[in-house]
Amino acid sequence: MTRTRKPGISRRTTLALMGGGVASLAAPWVASAQAKTIKIGMPTILSGRVAQLGTSSRNGVMIEVEKVNASGGLAGRQIEMVIRDSKGQPQEAARVARELVNTDGCELLIDAEASSGAFAVHEVARDLGVFCIHTNSETSSLTADPKQHIPNAFRTARQGVHDSIAGGNYAAAIAKAKGLKKWATCGPDYAYGRDTTGEYTTYLKRFAPDVEIISESWPKLFQPDYTEVVTKILQAKPQALYTCLWGGDLTSYIDQANIYALFSQMEVFAVNMADYTALTVVKNLPKGIHSGNRYIKTYPGTPENAAWGDAYKAKYGEYPTNWSWENATAIMLMAEAARKANSADGKKLAEAMKGLKIKSPFGADGTVTMRAEDNTLVGYAIGWGTTIPQEPYVPDVKPGDWKMIFELEAEWKKSKGFT
Amino acid sequence: MDLDALTGCLTTSACLVTQTTSGLIIGMLLFLVAVGLTLIFGVLKVVNFSHGAFYMFGAYFAMTTYQLSGSFALAMLAGAVGTAIIGLIFERGFMSRVYGRDVLMQLLVCYAFVLIFDDVVRMVWGPEFKSMGMPSAFQVMPLFIAGGVVPPYYLLLIGVALVAALVLGLGLARTRIGKVIRAAAHNPGMVSALGINTGLIYGGVFALGGGLAGLAGALAAPVRSLTPGMGFSVLIESFIVTVIGGMGSILGALVGALLIGLIRSFGSLGFPLFTEGLMYLFMVIVLVSRPSGLFGKEVA
């Protein structure tokens with residue numbers, strides 16, 4: 001075959017480039033015509049193994065954005081979401097975040113990244129001074145560490161240390177009642193798994209001092225087969241097992257442990273079990289697994305929460321995830337802050353956000369608060385219960401005690417040198 | 001390191017039985033994937049980097065068939081046969097065009113299909129993880145053999161894999177088709193000069209290799225979660241198996257896979273923080289002492 005076209009830029013490409021140039025020159029005119037809309041940029045994970053994090057975060061945001069827009073928008077400005085895939089890579093998350101602000105003209109950011117990406121986006125927010133809400137990162141230090149603190153960044157996600165205190169306290173009560181002294185742990189071998197397991201066992205031992213950890217397993221993240229981990233735990237013959245495996249890893253672990261009848265030989269505490277992503281996928285969910293609430297529409301057992309869960313399901317064909325409520329909360333708080341400040345300006349929003357308390361379907365007492373001292377969400381529903389294999393999956397959730405959480409969290413911060 | 005746990009286990013029958021069966025099931029599933037890889041390499045002289053995708057297809061086909069029909073046997077069949085058909089189309093349509101070409105070219109074609117197959121699965125079945133669920137016939141209490149725990153489903157799994165290994169081994173050694181395949185591997189030019197359609201043989205071997213990986217995926221579906229990209233980690237371990245056993249050797253794949261399985265199950269007791277490393281360490285030792293693998297032919 002002979003080449004008829006010379007290498008380099010062809011006439012057609014040149015024309016296309018020129019056309020593009022004209023269009024981008026014309027863009028400011030288009031933008032000024034729509035100056036009433038406010039763009040919110042949202043980097044998140046929309047591809048790869050945890051794409052569900054991004055899709056359910058997006059759904060959680062959109063269901064609330066539609067409500068805000070229908071009732072007049074953010075201080076009179078219609079919200080336009082610009083949602084981009086970071087593929088779960090921190091450097092990509094940072095790049096996307098920067099581009100959303102500098103090129104796409106987003107005035108506010110919702111950072112729906114997992115912890116790894118959240119710290120990268122946080123640095124962008126620090127650099128650009130743009131208003132930013134972290135919605136999915138549960139790593140405590142993101143807001144607890146004063147070195148990380150910036151006045152324009154907030155978090156509407158759960159926080160690891162809150163879950164560990166509530167979970168440790170719940171487990172200790174059962175350990176004492178049933179005489180569970182020998183414990184095994186099994187967590188995925190990366191920062192989240194190690195930290196969460198460590199914090200949890202710290203508080204478990206604090207509340208039940210005679211608990212002893214006799215076996216630890218650290219399978220790889222996304223490991224396909226857990227048989228050797230399952231049999232190792234069976235050999236150790238613990239009375240109870242704690243695991244912070246999540247998602248597909250947790251469901252395959254349950255399937256594989258099930259056929260060894262592991263669940264009839266010990267009490268199992270799986271902090272990430274009570275999330276619809278896992279509950280609806282496991283076909284033979286064992287009865288009686290202890291789990292923290294991630295998102296279930298029956299806890300808090302209020303009509304508001306049930307209605308929210310049902311509306312979400314009606315719209316998207318599946319139940320909300322933990323990420324859905326965390327992202328929805330970001331929009332709810334922004335809407336209230338904009339009302340209070342009567343502005344959608346990032347600086348004014350940030351001022352109005354501090355200490356803001358709003359009514360929320362996800363609040364332990366019907367409200368959640370953006371705590372002023374460290375810009376993180378408190379008062380959200382937190383509790384533990386046991387599973388049954390069909391809806392409502394966790395029929396009876398024992399609420400965590402926020403008063404105790406605050407006390408121990410303050411102590412924990414002191415021990416880390418954060419206060 | 002926890003050598004006490006390891007020696008303690010080796011001296012009690014209960015632990016020995018449990019850990020050995022756990023090693024066997026990991027090994028047997030690995031064998032089914034690795035044997036296809038090694039077979040395809042032995043005959044076609046290409047390294048099929050997209051082999052993990054066949055394992056993934058097998059699992060998804062089995063899950064869907066099981067959901068539609070409720071029959072476990074049919075699900076296994078669908079996993080194997082459906083994947084074999086994809087293997088045949090893939091070989092005839094694409095791989096056959098890059099035989100004898102630069103290995104980089106073959107690798108690029110395979111890698112492209114890894115991405116394409118993953119996205120096909122994402123489009124058809126969705127990006128979130130799925131679970132097939134254990135058929136009710138196997139939702140029974142595990143057996144207790146000499147104090148060790150053995151789930152009945154894993155006995156079936158080991159049995160099916162063993163039968164596949166036997167049929168494959170005997171078929172290649174004793175039947176006419178087996179002879180033709182071995183001849184084609186040795187001297188394809190001569191075989192085609194004798195009037196045998198080598199294209200058909202190549203397609204058939206690829207389909208067989210793919211079908212075995214599909215069967216492994218189908219057998220794993222009730223106990224592993226299904227996600228796009230699930231074939232990747234299995235593929236890496238299969239490569240370790242073929243490197244240890246020797247590229248192109250079926251016996252090598254069997255021995256290599258069982259060794260890896262046992263290293264994992266006993267290694268997790270004795271070296272809980274170094275189980276993965278143990279596998280690679282073993283591979284390094286084999287590579288240094290026998291560069292062509294335990295059962296591989298010496299490179300002339």
Side-chain angles (χ1 to χ4, degrees), chain A residues 45-56 189 214-237 245-262 264-265 276-278 280-286 317-318 321, chain B residues 2 5 8-9 12 14-15 18-19 21-23 25-26 29-30 55 118-119 122 126-134 136 138-142 148-154 220-234 237 261 263-269 272-273 275-276:
Chain A
I45 305 172
L46 290 165
S47 59
R49 188 142 168 177
V50 285
Q52 206 171 11
L53 179 149
T55 53
S56 67
D189 192 9
I214 58 164
S215 164
E216 289 176 38
S217 307
W218 303 104
K220 258 190 332 195
L221 186 61
F222 305 149
Q223 182 167 317
D225 200 290
Y226 295 96
T227 305
E228 82 257 14
V229 178
V230 171
T231 55
K232 179 186 158 177
I233 291 166
L234 287 176
Q235 304 299 347
K237 293 199 172 51
L245 290 172
W246 54 276
D249 288 3
L250 179 62
T251 59
S252 34
Y253 184 84
I254 287 173
D255 282 337
Q256 290 165 26
N258 239 342
I259 59 175
Y260 278 98
L262 180 138
S264 64
Q265 297 173 46
Y276 290 112
T277 52
T280 51
V281 166
V282 177
K283 294 290 185 300
N284 319 109
L285 183 69
E318 57 186 21
T321 67
Chain B
D2 194 359
C9 181
T12 49
C15 182
T18 309
Q19 292 305 109
T21 47
S22 127
I25 76 108
I26 300 172
L29 278 180
L30 214 48
Y55 168 84
D118 277 357
D119 276 354
R122 197 168 286 135
E128 65 278 0
F129 58 90
K130 304 259 178 201
S131 165
M132 170 172 152
M134 184 58 63
S136 53
F138 295 103
Q139 283 181 34
V140 288
M141 279 303 283
V149 198
V150 183
Y153 180 71
Y154 284 173
V223 286
R224 294 183 183 176
S225 63
L226 280 57
T227 54
M230 66 186 279
F232 184 68
S233 56
V234 177
E237 291 196 357
I263 286 176
R264 286 199 80 107
S265 72
F266 285 100
S268 72
L269 288 177
L273 298 177
T275 322
E276 293 280 316

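All values below come from the heavy atoms of this structure, side chains included, with hydrogens, waters and symmetry mates left out. Naming: A, B, ... by sequence-line order, numbering from 1 per chain.
- Put simply, the side chain of B:Met134 does not reach to within 4.5 Å of the side chain of A:Asn258, judged on heavy atoms.
- With hydrogens and angles disregarded, a donor-acceptor distance shorter than 3.5 Å links the side chain of B:Asp118 to the backbone of B:Gly229.
- Contacts between B:Tyr154 and chain A at a heavy-atom distance below 4.5 Å involve the side chain alone, from C-beta outward.
- Scanning for side-chain hydrogen bond (donor to acceptor under 3.5 Å, both in side chains) contacts around A:Thr321 gives A:Ser56, A:Ser324, with sequence neighbours left out.
- With a threshold of 4.5 angstrom between heavy atoms, B:Ile25 approaches chain A through side-chain atoms but not through N, CA, C or O.
- Of the two parts of B:Pro222, only the backbone, made up of N, CA, C and O, holds a non-hydrogen atom closer than 4.5 Å to a non-hydrogen atom of chain A.
- Using modelled atom types, one side-chain atom of A:Asp249 and one backbone atom of A:Phe222 make a donor-acceptor pair closer than 3.5 Å.
- Contact tally against chain A (heavy-atom pairs below 4.5 Å) for B:Thr275, B:Leu29, B:Val223: the top residue is B:Val223.
- For chain B, the option among A:Ala278, A:Ala257, A:Ala261 with the highest count of heavy-atom pairs below 4.5 Å is A:Ala261.
- Not a single donor-acceptor pair under 3.5 Å links the side chain of A:Asp255 to the backbone N or O of B:Ser131.
- Using a 4.5 Å cut-off between heavy atoms, B:Ser268 touches chain A through backbone and side chain atoms alike.
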- request: Please lay out, stage by stage, how B:Ser265 and B:Gln19 fare under the test side-chain hydrogen bond (donor to acceptor under 3.5 Å, both in side chains).
  value: CA-CA 6 Å; B:Ser265 72; B:Gln19 292 305 109; 4.5 Å; no

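- Proximity to chain A (any heavy atom under 4.5 Å) is restricted, for B:Met141, to the side chain, taken from C-beta onward.
- For A:Gln256, the parts lying under 4.5 angstrom from a heavy atom of chain B are both the backbone and the side chain.
- The ring pair (Phe, Tyr, Trp, His ring centres under 6.0 Å) test applied to B:Phe138 returns B:Phe72, B:Tyr153, not counting sequence neighbours.
- Contact of B:Gln139 with chain A is made through the side chain alone, with heavy-atom distances under 4.5 Å.
- Heavy atoms of A:Asp225 lying under 4.5 Å from chain B belong to its backbone as well as its side chain.
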